[in-house]
Amino acid sequence: MDYVNGPGRNHLFVPGPVNIPEQVLRAMNRNNEDYRSPAIPALTKTLLEDVKKIFKTTTGTPFLIPTTGTGAWESALTNTLSPGDRIISFLIGQFSLLWIDQQQRLNFNVDVIESEWGQGANLDILASKLAADSAHTIKAICIVHNETATGVTNNLATVRRILDNYRHPALLLVDGVSSICALDFRMDEWGIDVALTGSQKALSLPTGMGIVCASPKALEASRTAKSVRVFFDWKDYLKFYKLGTFWPYTPSIQLLYGLRAALDLLFEEGLDNVIARHNRLGKATR
């Protein structure tokens with residue numbers, strides 16, 4: 001038997017992709033435009049400034065990449081690390097499992113800390129590994145903020161506190177795909193070096209845009225990272241940022257206008273109010 005969607009509006013009841021607000025749908029209902037015209041760089045400039053607000057950063061540099069969260073993962077890893085680098089990664093559910101698989105296939109030396117699914121990251125083991133690493137062989141800590149498959153949220157402030165307690169210089173890379181715009185997220189305050197999200201979750205957009213935000217420390221690391229990268233290379237984006245045209249490759253015009261509308265909705269309600277609403281509805285559901 002063939003299955004097709006029924007007539008009318010179809011509603012999703014899954015963690016993501018999510019339902020798209022009417023205002024966002026209308027904003028995306030437009031023809032293609034020349035991304036080299038003055039209008040698109042002007043729009044992009046406002047978007048780059050405003051997406052920093054959802055990460056709660058004033059020092060980070062954002063990248064709007066035509067990709068999914070998986071591509072954003074790869075961008076975060078390959079721009080900051082070199083093959084063979086030792087990284088610590090937490091396995092707590094399906095999406096952290098997939099990120100670890102990517103890390104291993106990119107030839108990093110992945111030290112996996114596994115917890116039973118439904119439990120959070122074991123930060124006691126992290127502390128013991130950092131305490132033993134006086135030579136600073138660990139180059140990065142990779143953690144999923146909110147594991148979509150299990151609904152478990154990790155305490156990023158505690159991760160930062162552990163790194164600082166041992167004065168360890170490892171980069172902190174965070175998957176915020178199902179947390180940013182839905183949970184409290186503080187990139188600058190928590191000392192996160194690379195944070196990333198996808199358009200299809202709490203931003204309420206179609207799939208297709210990976211948003212990565214890099215700290216000054218991460219940008220510095222990208223200058224010496226030896227991982228092969230082409231499409232995801234931050235250097236190409238930074239070159240066009242300086243030129244004021246912003247795009248090394250063709251963006252999705254429709255997603256850019258959709259992002260503008262989505263951010264406007266978030267800021268109209270107030271980001272903290274949005275997060276409180278998600279928390280209230282989550283408690284009601286549970």
Side-chain angles (χ1 to χ4, degrees), residues 52 54-60 69 72-73 76-77 80-81 85-100 103 108 110-134 136-197 201-202 212-218 221 271-272 274-276 278-279 282-283 286:
K52 292 167 69 172
I54 67 174
F55 291 95
K56 292 191 177 176
T57 180
T58 59
T59 61
W73 280 346
L77 294 167
T80 58
L81 298 166
D85 278 352
R86 182 187 176 193
I87 60 178
I88 290 178
S89 201
F90 296 92
L91 173 53
I92 62 168
Q94 179 64 20
F95 288 91
S96 54
L97 173 69
L98 293 172
W99 198 15
I100 288 168
Q103 293 158 13
F108 301 120
V110 187
D111 190 342
V112 179
I113 300 177
E114 184 170 1
S115 299
E116 182 179 350
W117 288 24
Q119 302 296 316
N122 191 324
L123 301 185
D124 291 335
I125 295 179
L126 171 65
S128 66
K129 288 181 180 292
L130 293 176
D133 187 33
S134 57
H136 295 163
T137 62
I138 299 168
K139 302 303 180 185
I141 310 298
C142 298
I143 187 167
V144 175
H145 186 199
N146 187 75
E147 173 56 66
T148 306
T150 63
V152 172
T153 303
N154 287 306
N155 191 324
L156 300 180
T158 300
V159 176
R160 168 46 59 193
R161 188 160 55 249
I162 292 170
L163 281 163
D164 291 347
N165 284 345
Y166 292 102
R167 298 181 180 179
H168 202 288
L171 295 166
L172 179 54
L173 312 185
V174 176
D175 170 347
V177 169
S178 66
S179 66
I180 290 171
C181 296
L183 293 171
D184 189 25
F185 193 93
R186 308 179 189 184
M187 182 172 176
D188 286 355
E189 183 177 331
W190 295 338
I192 296 167
D193 293 298
V194 185
L196 61 96
T197 191
K201 292 289 176 69
V212 180
C213 198
S215 72
K217 181 179 175 182
L271 184 57
D272 290 339
V274 172
I275 291 168
H278 280 287
N279 182 57
K283 287 181 178 178
R286 288 189 291 270

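A salt bridge does not link D188 to R186: none of the charged nitrogens lies less than 4.0 Å from a carboxylate oxygen. Using a 4.0 Å cut-off between a side-chain N of Lys or Arg and a carboxylate O of Asp or Glu, D164 and R160 qualify as a salt bridge.
Using a distance-only test at 3.5 Å, with no hydrogens or angles considered, a donor-acceptor pair links the side chain of N154 to the main chain of V144. Judged purely by atom type and a 3.5 angstrom limit, N122 uses its side chain to pair as donor or acceptor with the backbone of D124.
Side-chain contact annotation: S178 with N146, donor-acceptor N/O pair under 3.5 Å present.
Looking at F90 and S96, their side chains never come closer than 4.5 Å, going by heavy atoms from C-beta outward. No side-chain heavy atom of T148 sits under 4.5 Å from any side-chain heavy atom of V177. In this structure, the side chains of L130 and I162 come closer than 4.5 Å at one or more pairs of heavy atoms. Side chains of T80 and D193 form no contact here, defined as non-hydrogen atoms less than 4.5 Å apart. Between N155 and V159 the shortest side-chain heavy-atom distance does not fall below 4.5 Å. Counting heavy atoms from C-beta outward, I113 and I88 have side chains that approach closer than 4.5 Å.
Interatomic distance, CG of L171 versus CG of L81, reported as 6.5 Å (0.5 Å rounding). Put simply, CE on M187 and OG1 on T59 are 6.5 Å apart, with the number rounded to the nearest 0.5 Å. Taken from CZ in F185 to CD1 in I192, the straight-line distance is 3.5 Å, to the nearest 0.5 Å. Taking OG1 of T158 as the start and CG of N165 as the end, the distance is 10.0 Å to the nearest 0.5 Å. Interatomic distance, CG of L97 versus CD of Q94, reported as 5.0 Å (0.5 Å rounding). For the atom pair SG (C213) and CD1 (I54), the distance works out to 8.5 Å, reported to the nearest 0.5 Å.
Annotation: side chain to side chain contact (heavy atoms under 4.5 Å, CB included) contacts of V110 (sequence neighbours excluded): I87, S89, I100, Q103, Q104, F108, V112. In terms of the side chain to side chain contact (heavy atoms under 4.5 Å, CB included) criterion, residue partners of K52 (sequence neighbours excluded) are, by chain and number, E49, T57, P62.
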Determine, stepwise, if the pair K56 / D272 fulfils salt bridge (Lys or Arg N to Asp or Glu O under 4.0 Å). CA-CA 11 Å; K56 292 191 177 176; D272 290 339; 3.0 Å; yes
Full working for side chain to side chain contact (heavy atoms under 4.5 Å, CB included) between H145 and I180: CA-CA 9 Å; H145 186 199; I180 290 171; 5.8 Å; no
Kindly indicate, with the supporting measurements, whether the criterion side chain to side chain contact (heavy atoms under 4.5 Å, CB included) is fulfilled by C142 and L172. CA-CA 6 Å; C142 298; L172 179 54; over 6 Å; no
Carefully, step by step, assess V152 and W117 under the rule side chain to side chain contact (heavy atoms under 4.5 Å, CB included). CA-CA 9 Å; V152 172; W117 288 24; over 6 Å; no
Could you go through the side chain to side chain contact (heavy atoms under 4.5 Å, CB included) check for D111 and I138 one step at a time? CA-CA 9 Å; D111 190 342; I138 299 168; 5.8 Å; no
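Sequence neighbours left out, the pairs with a member in residues 152-172 that pass ring pair (Phe, Tyr, Trp, His ring centres under 6.0 Å) are H136-H168.
Under the 6.0 Å distance and 45° angle rule, K201 counts as a cation-pi partner of F95.
Taking every heavy atom of both residues into account, L196 and A76 meet most closely at CD2-CB, 3.9 Å. Across every non-hydrogen atom of A170 and A140, the tightest pair is CB-N, 4.0 Å.
A parallel orientation is assigned to the rings of W99 and W73, their planes being inclined by less than 30° (bins at 30° and 60°).
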